Student: 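First the structure, then my questions, so here it is.
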Amino acid sequence: MTQQTEPSDYSGPAGGWGSLRGIFDTMAQEMSSPGALNTLRRQNKTGGFMCVSCAWGKPEHPHAFEFCENGAKATLWELTTRRCTPEFFADHTVTELRYWTDHDLEQEGRLTHPLRYDAASDRYVLCSWQEAFEAIGAALKKADPKRTVFYASGRASLETSYLYALFARLHGHNNLPDSSNMCHETTSVALSELIGSPVGTCVLEDFEKCDAIFFFGQNTGSNSPRFLHPLQTAVERGCKVVTFNPIREKGLTSFVNPQRPVQMLTGQETPISCQYLQVRAGGDIAAIMGLCKVVLAEDDRRGGTVVDHDFIAEHCTGFEAFRAKADATSWERIEQESGLSRADIEAAGQVYLAAERVVGVYGMGLTQHVHGFENIAMLVNLLLMRGHIGREGAGICPVRGHSNVQGQRTVGIAEKPELVPLDKLAELFDFDPPRAQGMNTIDVCEGLLKGEVEAFIGLGGNFLRAIPDQARIEPAWEDMHLTVQIGTKLNRSHLFNGRTAFLLPCLGRSEEDIQASGPQTVTVEDSFSHIHGSLGHRAPASEHLLSETAIVAGIAKETLAPNPRLRWDAWTADYALVRELIAQTYPDEFHDMNDRIFQPGGFYRGNSARERRWKTASGRAHFTAPDMLAATDVEDAHGRYRLITLRSNDQFNTTIYGYSDRLRGIEGTRDVVLINPDDMARAGIVAGQRVALVGDAKDGHARRIDGLEVVPFDLPDGSIAGYFPELNPLISLQHHDRESKTPASKAVPVRIETV
Ligand SMILES: Nc1nc2c(c(=O)[nH]1)N[C@H]1C(S)=C(S)[C@@H](COP(=O)(O)OP(=O)(O)OC[C@H]3O[C@@H](n4cnc5c(=O)[nH]c(N)nc54)[C@H](O)[C@@H]3O)O[C@H]1N2
Ligand SMILES: Nc1nc2c(c(=O)[nH]1)N[C@H]1C(S)=C(S)[C@@H](COP(=O)(O)OP(=O)(O)OC[C@H]3O[C@@H](n4cnc5c(=O)[nH]c(N)nc54)[C@H](O)[C@@H]3O)O[C@H]1N2
Ligand SMILES: [Mo]
């Protein structure tokens, strides 16, 4: 563990030898099966398989190794030789396993057999697939569809996702929450309303043409490291990068490219950001308002030649109200709310003004706030002012998380029925699809607390560990009649069971998926709306695994009344038939899907906002005049901090590979609270001391986590940080984005207590 009294400062860069060491450490720890390196060579290549880690684009001309430290770790984690067998479950009760850490649970390896929960012995016991499908089907037939939830974590392929969403609607509900509800739902809601597209407008090539990139709250070095390469190339051709982030994240400060021998041997780093502004957590509305003021002032000075008034007149609405708001906002308040100086914001504004083409990149630092919508709306304002949406080399770029999270939404996993072509489904499958709004993640949690959820199916993920207010929800979980978890490795969500409960193991994406018609390809969509075929070639971790498609079809078949249009067996036998259904349902984007899935670089399904067709209520792009400057609705108070819950470099969401956050210099533990030395002095705490964090939400519920080690860290005053998911019990269910209900995991109000 780091014990320094100075702010933690890891001097090594992102990438470099450390990243290669990270890969080899994981290979050793996971006892990777032979040939694992060969498998990595096929990652993200046409005809190979698509990474199970993040959703970053896959280039038309890939590198020899088109994967990163974390993509490699995710693959090796799937290729482990460890197995979590029925014998393991005979040795451990489910209650006992609740005391295990996330890391230790998954470290048991790949699940090998379908399992049924036996309440009498409090153990998982072996069952057959048919027994599982029949019991689940019988329970779902009895369940009230309005009280049934079909959750999806953003990994399952387009084929599985399409069938899963269809199954939910045939069962009679739109209760299709998705990990996206905890992630970029703010993006889907905000960008749809403001520019008429639920996804980003950029494509990979824009990074070859832009003059400036503005980064807000996205940790490239850890979470989308393949982005470091285009970023490095952009900087080398003169593109300027400006970053707004409370933490100086490696990767956005400097990078050593493991694919470049000279850089590796000399340790020479490419500096990435020309300006790095350590904004307060929740301070981006104010910071971007400051940038906008710089641009508007320059426009006044230069007789209206700076802002693209022609573009605004032709394409936008709301500019005057926005301008009035910017004029009425004082620099004093901007400095106070952003924690940044006017001079620094003005310097960043100069970079914006000097650039002909600007890309705005963002991640969870903007979406996971009570006013996450307004965060994104301000970034849209900034870009629209000079027409940076709908032009090559410019645009808005939300960096997506899970490898197919965007695609799942595209093909129907949506609790909002208005996003789905229901009439088309009615015609194709001869039924009357449900039209009522479904439950999103927050609704499901609230429903659980009220005893209004009867059945839960989890297509991957770790719902109970990823949600806010975890300690309140766990006890409610066991009141359900039915819980089914489809997963590859054991996690905490598998340890809370309804009265009937199954744990069903599935193939991973790197594995060969052989069905009646032969080996199957699946497809995924990346952050840039490109669709890629993915062909696994590894021998499955166990001969008893089924594909996710086969599992969904198996349950559906036992649940739904026979209907000649529902060809579950045929669809399982040949996924190309499912792709034909996708093409029929979404002909504009997916026509000729089967012919295009191996197009190098993926096939593009298009984006209307990129062509300046605005599918919004007004038919125009919207400027917004926000009513607030802080992205939180909790006022500043003495002793109250804004807690950022973070990912380390050694985890994928709730999957904890290990305890080394190499890029932040924190080793050996995750039970930490990062805080700056001035705040430490004010709070009277010292490095290495154990403290408690206490929730400060004022909703009548006590929330507390003890035993966190104080680590001095370079953060703005009043902003502190610690790890997701360990700190999730501190987040109130009510602390979510007001428009999209995305949990606000980034400025959580807490106090520090010493004991
Ligand atoms: N290795 C790895 N890769 C991953 C994941 C993983 O867990 N591990 N998860 C995947 C998933 S599902 C997702 S959604 C993405 C998430 O990737 P990111 O979007 O990068 O999300 P986070 O790591 O949660 O935090 C992002 C950054 O926001 C900053 N931040 C916090 N609060 C604020 C704020 O108020 N303003 C600003 N400007 N910045 C702020 C934090 O310091 C941090 O650097 O990554 C995906 N890729
Ligand atoms: N406090 C806080 N909370 C957060 C966040 C945060 O930043 N802070 N981030 C939020 C975000 S962005 C997200 S996306 C969610 C993540 O929420 P989830 O997507 O629900 O969680 P994961 O940790 O990605 O799920 C890991 C599990 O997925 C299963 N799995 C892995 N591969 C496969 C596969 O191929 N098929 C199937 N069926 N299962 C598989 C394994 O069993 C593994 O244990 O968490 C959210 N929660
Ligand atoms: Mo995510």
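Model, not experiment: these values are computed from the prediction. Order of appearance sets the numbers: ligands from 1, and atoms from 1 within every ligand.
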Student: How far is atom 15 (C) of ligand 2 from the closest protein heavy atom, and which atom is that?
Tutor: A466 CB, 3.9 Å
Student: Where does V405 meet ligand 1, judged by heavy-atom distances below 4.0 Å: at the side chain, the backbone, both, or neither?
Tutor: neither
Student: So for S224, does at least one of its heavy atoms come nearer than 4.0 angstrom to any atom of ligand 1?
Tutor: no
Student: Which ligand 2 atoms does N491 reach within 4.0 Å, using its non-hydrogen atoms?
Tutor: 27 (C), 42 (O), 43 (C), 44 (O)
Student: Going by the order shown, which atoms of ligand 2 are within less than 4.0 Å of some heavy atom of I731?
Tutor: 1 (N)
Student: May I ask you to identify the nearest protein heavy atom to atom 10 (C) of ligand 1, giving residue, atom name and distance to one decimal place in Å?
Tutor: F652 CZ, 3.6 Å
Student: Could you tell me whether E78 and ligand 2 have an N or O pair separated by under 3.5 Å?
Tutor: no
Student: Identify, with sequence neighbours excluded, every residue that meets side chain to side chain contact (heavy atoms under 4.5 Å, CB included) alongside S338.
Tutor: V279, A286, A287, I334, L340, I345
Student: Tell me which protein heavy atom sits closest to atom 8 (N) of ligand 2, plus the residue, atom name and distance to 0.1 Å.
Tutor: T645 OG1, 3.0 Å
Student: How about F528 and W56: are their ring centres within less than 6.0 Å of each other?
Tutor: yes
Student: Between F150 and Y164 (judged by ring centroids, cut-off 6.0 Å), do the two rings come close enough to count as a pair?
Tutor: yes
Student: Identify, for atom 19 (O) of ligand 1, the protein heavy atom at the shortest distance, and state residue, atom and that distance.
Tutor: M364 N, 2.8 Å
Student: Could you tell me whether R647 and ligand 1 have an N or O pair separated by under 3.5 Å?
Tutor: yes
Student: State yes or no: are the ring centers of F216 and Y362 separated by less than 6.0 Å?
Tutor: no
Student: Please work out, at 4.0 Å between heavy atoms, whether the side chain, the backbone, both, or neither of N219 comes within that distance of ligand 1.
Tutor: both
Student: Test of understanding: given a 4.0 Å heavy-atom threshold, classify the contact between V279 and ligand 1 as side chain, backbone, both, or neither.
Tutor: side chain
Student: Counting heavy atoms only, which of S153, A287, G365 comes nearest to atom 34 (C) of ligand 1?
Tutor: G365
Student: Any atoms of ligand 2 less than 4.0 Å from a non-hydrogen atom of Q368? List them with their elements.
Tutor: 5 (C), 6 (C), 7 (O), 9 (N), 10 (C), 12 (S)
Student: In terms of side-chain heavy atoms, does D737 have a donor or acceptor partner in T742 at a distance below 3.5 Å?
Tutor: no
Student: Considering distance alone, does some N or O of G283 sit under 3.5 Å from an N or O of ligand 1?
Tutor: no
Student: Tell me, please: is H184 in heavy-atom contact with ligand 2, that is, under 4.0 Å?
Tutor: no
Student: Would one find an N or O of I486, backbone or side chain, under 3.5 Å from an N or O of ligand 2?
Tutor: yes
Student: Quick test: of every protein heavy atom, which one is nearest to atom 35 (O) of ligand 1, and how far off is it to 0.1 Å?
Tutor: G282 N, 2.7 Å
Student: Any N or O on H494 sitting closer than 3.5 Å to an N or O of ligand 2?
Tutor: no
Student: Can you figure out which of G401, S222, A74 has its heavy atom closest to atom 46 (C) of ligand 1?
Tutor: G401
Student: Tell me, please: is C506 in heavy-atom contact with ligand 2, that is, under 4.0 Å?
Tutor: yes
Student: What protein heavy atom lies closest to atom 12 (S) of ligand 1? Include the residue and the distance to one decimal.
Tutor: N653 ND2, 3.3 Å
Student: Can you sort out which atoms of ligand 2 are near E548, meaning under 4.0 Å from one of its heavy atoms?
Tutor: 34 (C), 36 (N), 37 (C), 38 (N)
Student: Tell me if the aromatic rings of F463 and H494 count as close, with their centers under 6.0 Å from one another.
Tutor: no
Student: Starting from atom 44 (O) of ligand 1, locate the nearest protein heavy atom and write down its residue, its atom name and how far away it is, to 0.1 Å.
Tutor: E249 OE2, 2.5 Å
Student: Tell me which protein heavy atom sits closest to atom 45 (O) of ligand 1, plus the residue, atom name and distance to 0.1 Å.
Tutor: N223 CB, 3.3 Å
Student: Between ligand 2 and H402, can you find any atom pair, the residue atom being a heavy atom, that is separated by under 4.0 Å?
Tutor: yes
Student: Measuring from atom 27 (C) of ligand 1, which candidate in A630, G154, G217, P246 has the nearest non-hydrogen atom?
Tutor: G217
Student: For C183, counting its heavy atoms only, list the atoms of ligand 1 lying under 4.0 Å from any of them.
Tutor: 14 (S)
Student: Can you tell me if K746 has a non-hydrogen atom under 4.0 Å from ligand 2?
Tutor: yes
Student: Please state which protein non-hydrogen atom is closest to atom 18 (P) of ligand 2 and give its distance, to 0.1 Å?
Tutor: Y151 OH, 3.5 Å
Student: Quick check on N245 - does any of its heavy atoms sit under 4.0 Å from an atom of ligand 1?
Tutor: yes
Student: Is it the case that ligand 2 has an N or O less than 3.5 angstrom from some N or O of G461?
Tutor: yes
Student: Let me confirm one number: the CG-CG distance from D102 to N653, rounded to the nearest 0.5 Å.
Tutor: 11.5 Å
Student: Under a 4.0 angstrom heavy-atom cut-off, which atoms of ligand 1 come close to I247?
Tutor: 42 (O)
Student: Check each heavy atom of A747 against ligand 1 and say whether those closer than 4.0 Å belong to the side chain, the backbone, both or neither.
Tutor: neither
Student: Of the protein's non-hydrogen atoms, which lies at the shortest distance from atom 30 (N) of ligand 2, and what is that distance?
Tutor: T488 OG1, 3.3 Å
Student: Does an N or O anywhere in S648 fall below 3.5 Å from an N or O of ligand 1?
Tutor: no
Student: Specify side chain, backbone, both or neither for L727, according to which of its non-hydrogen atoms lie closer than 4.0 Å to ligand 2.
Tutor: neither
Student: Side chain, backbone, both or neither: which applies to K73 and ligand 1 if a contact is any heavy-atom pair less than 4.0 Å apart?
Tutor: neither
Student: Note the single closest protein heavy atom to atom 37 (C) of ligand 1, along with its residue, its atom name and the distance in Å.
Tutor: D284 OD2, 3.4 Å
Student: Measure the NE2-SG distance between H113 and C84 for me, rounded to the nearest 0.5 Å.
Tutor: 11.5 Å
Student: At less than 4.0 angstrom from any non-hydrogen atom of Q651, what atoms of ligand 1 do you find?
Tutor: 1 (N), 2 (C), 6 (C), 7 (O), 8 (N)
Student: Take L158 and V522 through the test side chain to side chain contact (heavy atoms under 4.5 Å, CB included) and record every step on the way to the result.
Tutor: CA-CA 7 Å; L158 294 175; V522 295; over 6 Å; no
Student: Starting from atom 31 (C) of ligand 1, which protein heavy atom do you reach first, and at what distance in Å?
Tutor: I644 CG2, 3.5 Å
Student: Name all pairs fulfilling the salt bridge (charged side-chain N to carboxylate O under 4.0 Å, His left out) condition that reach into residues 363-375, sequence neighbours left out, sorted by first residue then second.
Tutor: none
Student: Just to confirm my output: which protein heavy-atom neighbour is closest to atom 4 (C) of ligand 2, and how far is it?
Tutor: F724 CE1, 3.2 Å
Student: Please determine if R647 forms a cation-pi arrangement with Y723, meaning its NZ or CZ atom is less than 6.0 Å from the six-membered ring centre and no more than 45° off the ring axis.
Tutor: no
Student: Going through the distances and angles, do E548 and R509 end up as a salt bridge (Lys or Arg N to Asp or Glu O under 4.0 Å)?
Tutor: CA-CA 10 Å; E548 291 177 324; R509 200 181 291 151; over 6 Å; no
Student: So for ligand 1, is F244 a polar contact partner (N or O within less than 3.5 Å, distance only)?
Tutor: yes
Student: Which of the numbered atoms in ligand 1 are under 4.0 angstrom from any heavy atom belonging to G363?
Tutor: 19 (O)
Student: When you compare the side chain of T243 with that of F214, does any pair of heavy atoms fall below 4.5 Å?
Tutor: no
Student: Could you list the atoms of ligand 1 found under 4.0 angstrom from a heavy atom of L646?
Tutor: 41 (C), 42 (O), 43 (C)
Student: Within a distance under 4.0 Å of any heavy atom of K489, pick out the atoms of ligand 2 and give their elements.
Tutor: 41 (C), 42 (O), 44 (O)
